[in-house]
Amino acid sequence: MTTVRTRIAPSPTGDPHVGTAYIALFNLCFARQHGGQFVLRIEDTDQVRSTRESEQQIFDALRWLGIEWDEGPDVGGPHGPYRQSERSAIYKKYSDELVSKGHAFPCFCSAERLDQVRAAQQANKETPRYDGHCMHIAPEEAQKRIAAGESHVIRMKVPTEGICTVPDMLRGDVEIPWDRMDMQVLMKADGLPTYFLANVVDDHLMGITHVLRGEEWLPSAPKLIKLYEYFGWEQPVLCYMPLLRNPDKSKLSKRKNPTSVTFYQRMGFLPEAMLNYLGRMGWSMPDEREKFSLAEMVEHFDINRISLGGPIFDIEKLSWLNGQWMRELTVEDFAAKAREWAFNPQYLMQIAPLVQGRVETFSQIAPLAGFFFSGGLALDPALFAHKKLDEAQVRQLMQLILWKLEALRQWNKDNITLCIQNVAEHLGLKLRDAMPLMFVAITGQASSVSVLDAMEILGPDLTRFRLRQALELLGGASKKEAKDWEKLLAELK
């Protein structure tokens, strides 16, 4: 009997997302329930946005939750390497095979030509898709152009009519018309694969038997199925998990809800409660109990108990569940976990030098530095009144700083300072014009310890969360403002 093997394949391009943890948890439970293996693979073919720092954050966040993998970049295994950036030669071999079999072709079209084709199709109210321009170039001519160094991608051929039946564990057979599919790029001009080719090749070579992934990938499933057919490989069993939703039913996004696992760690949630809550996203125990451990979830796991309605990720409900877990701790464990969370020597030693020169008694520490041990802050809108800027300019400055800090991958005082300085200078201001607003948003006070040091110590998740909170308090950005300000953001270095 085949051993069940599942996987999670996150991209290391940002903060570790709760959606990644949710999909990882269900893959882990499914594999463990069947006595199988769970693999972690890193999809880092986006060379511009992928970072090793982000990769490490994914490892740390999943391990904090209690999710462990049998094979992966950091633990090794018989099917490595487990980073796609280290598998380029493998993808090239299989891409060449598809071209030689006539299932794929080199495409030399420029970005300008593709934009023109797309614009013309949209003007005619047609589905934008590649028009097959390079599909009929003779193989000899294509090889000559490649040998001459002409930039090109490799595209797969797809049928233009008929229906593809996608077998989904949760929905049964889903019919998707082929005329919705584009001739997908499989290999980019930089010689690295796209998601589609890399996933199919890796899942096959790593012996993945079941693929549980988010339902946003269901519409493109025919392309994956067609690639398995082209290679003559048996496709894994497919399962498209319902997407996590905000309380207003929209897709979970950081604009409405903190989505980084690290945020919840910094806010003082217990990992057991967080994992328990993710396990309740669209799934329930046979006896419907709300509080359960990972071991209990594995023991009772049944994929057929997943509900297709978009599960609501609600921080209030998570907080309630976290409270249940906290109240069941012994007092000793409660104190130990609080100490581990923020009263540990490493954290306190970062704060002590900032506080020492500003207090005359120990009793002054809490009022001055309490914000280091808080999540959200009770902010006074009056403190955001600015000598130079009107209310709209204050919001604009803070929104641009937030956007810049959201894109910042290497979080340290110098980089934080540079982000704020760049925004201020672009708006014709000085760093000192922006800092009073940062003091209030981050510390809740008009003046405190060095706010730039504080932002580094608090970390990206809490810093961004507090800036979002401050903006919300001040009324946020209207649709028109957001559009105008995004243009300004594009002009920033």
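Side chains included, hydrogens not; waters and symmetry mates left out as well; all remaining heavy atoms used.
Within the 4.5 Å cutoff, no side-chain heavy atoms of Val18 are placed close to those of Phe263. Two residues are said to be in side-chain contact when any heavy atoms from C-beta on lie closer than 4.5 Å; Leu238 and Arg213 meet this criterion. Pro311 has its side chain within reach of Tyr22: a pair of non-hydrogen atoms, C-beta onward, lies under 4.5 Å apart. Contact annotation: the side chain of Trp283 never approaches that of Cys29 to less than 4.5 Å [non-hydrogen atoms, C-beta and beyond]. Taking the side chain as every heavy atom from C-beta outward, Lys157 and Met135 approach each other to under 4.5 Å. Within the 4.5 Å cutoff, side-chain heavy atoms of Phe371 are placed close to those of Leu458. Annotation: side chain of Lys317 is in contact with side chain of Arg280 (closest heavy-atom distance under 4.5 Å). In this structure the side chain of Val153 never reaches within 4.5 angstrom of the side chain of Pro106, judged on heavy atoms.
Of the possible polar contacts, one joining the Asn124 side chain to the Ala120 backbone as a donor-acceptor pair under 3.5 Å is found. Of the possible donor and acceptor atoms, none in the side chain of Arg466 sits under 3.5 Å from a partner among the backbone N and O of Gly376. Remark: the backbone N or O of Tyr91 is not paired with any side-chain donor or acceptor of Ser95 at under 3.5 angstrom. Side chain of His34 to backbone of Phe30: a donor-acceptor contact under 3.5 angstrom is found.
Using modelled atom types and a 3.5 Å distance limit, the side chains of Ser250 and Asn246 yield a donor-acceptor pair. Judged purely by distance below 3.5 Å, without hydrogens or angles, the side chains of Asp44 and Ser85 pair a donor atom with an acceptor atom. Between the side chains of Asp60 and Gln56, at least one donor N or O sits under 3.5 Å from an acceptor N or O. Side chain to side chain, Gln184 and Lys223 meet the donor-acceptor criterion of an N or O pair below 3.5 Å.
Ion pairing of Glu296 with Arg289 is present here, as a side-chain N (NZ or NE/NH1/NH2) and a carboxylate O approach within less than 4.0 Å. At a threshold of 4.0 Å, the pair Arg409-Asp15 counts as salt-bridged, since one of the basic side-chain nitrogens sits closer than that to a carboxylate oxygen. Looking at Arg129 and Asp179, no side-chain N of the basic residue comes within less than 4.0 Å of a carboxylate O on the acidic one, giving no salt bridge. Remark: Asp74 engages Arg63 in a salt bridge, criterion side-chain N to carboxylate O under 4.0 Å. At a threshold of 4.0 Å, the pair Arg118-Asp115 counts as salt-bridged, since one of the basic side-chain nitrogens sits closer than that to a carboxylate oxygen. A salt bridge links Glu229 to Lys226: at least one charged side-chain nitrogen sits closer than 4.0 Å to a carboxylate oxygen. A salt bridge is absent between Arg41 and Glu71: the closest approach of a Lys/Arg side-chain nitrogen to an acidic carboxylate oxygen does not fall below 4.0 angstrom. The pair Arg52-Glu55 counts as a salt bridge, with a side-chain nitrogen and a carboxylate oxygen less than 4.0 angstrom apart. Using a cut-off of 4.0 Å between Lys/Arg side-chain N and Asp/Glu carboxylate O, Asp70 and Arg7 are scored as not salt-bridged.
A cation-pi contact links Arg155 to Tyr130, judged by a cut-off of 6.0 Å to the six-membered ring centre and 45° from its axis. In this structure, Arg145 is positioned above the aromatic face of Phe108, its NZ or CZ under 6.0 Å from the six-membered ring centre and within 45° of the axis.
The two residues Cys164 and Ile225 have their closest heavy-atom pair at SG-CD1, 4.2 Å. Shortest non-hydrogen contact noted between Phe38 and Asn27 is CE1-CB, 3.7 Å. Contact record, Glu68 with Arg32: O-NH2, 3.8 Å, taken as the closest heavy-atom pair.
Taking the six-membered ring where tryptophan is involved, the planes of Trp69 and Phe59 are tilted, since the angle between them lies from 30° to 60°.
Each of Trp341, Phe313, Phe465 was evaluated against Tyr264; a single residue qualifies, Phe313, per the ring-ring contact (aromatic ring centres under 6.0 Å, His included) test.
The local environment of CD in Glu53 is crowded, with over 12 non-hydrogen atoms from other residues, nucleotides or ligands closer than 6.0 Å.
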Apply ring-ring contact (aromatic ring centres under 6.0 Å, His included) to the pair Tyr277 and Phe269, showing each step before the final yes or no.
CA-CA 11 Å; Tyr277 189 65; Phe269 285 88; 9.2 Å; no
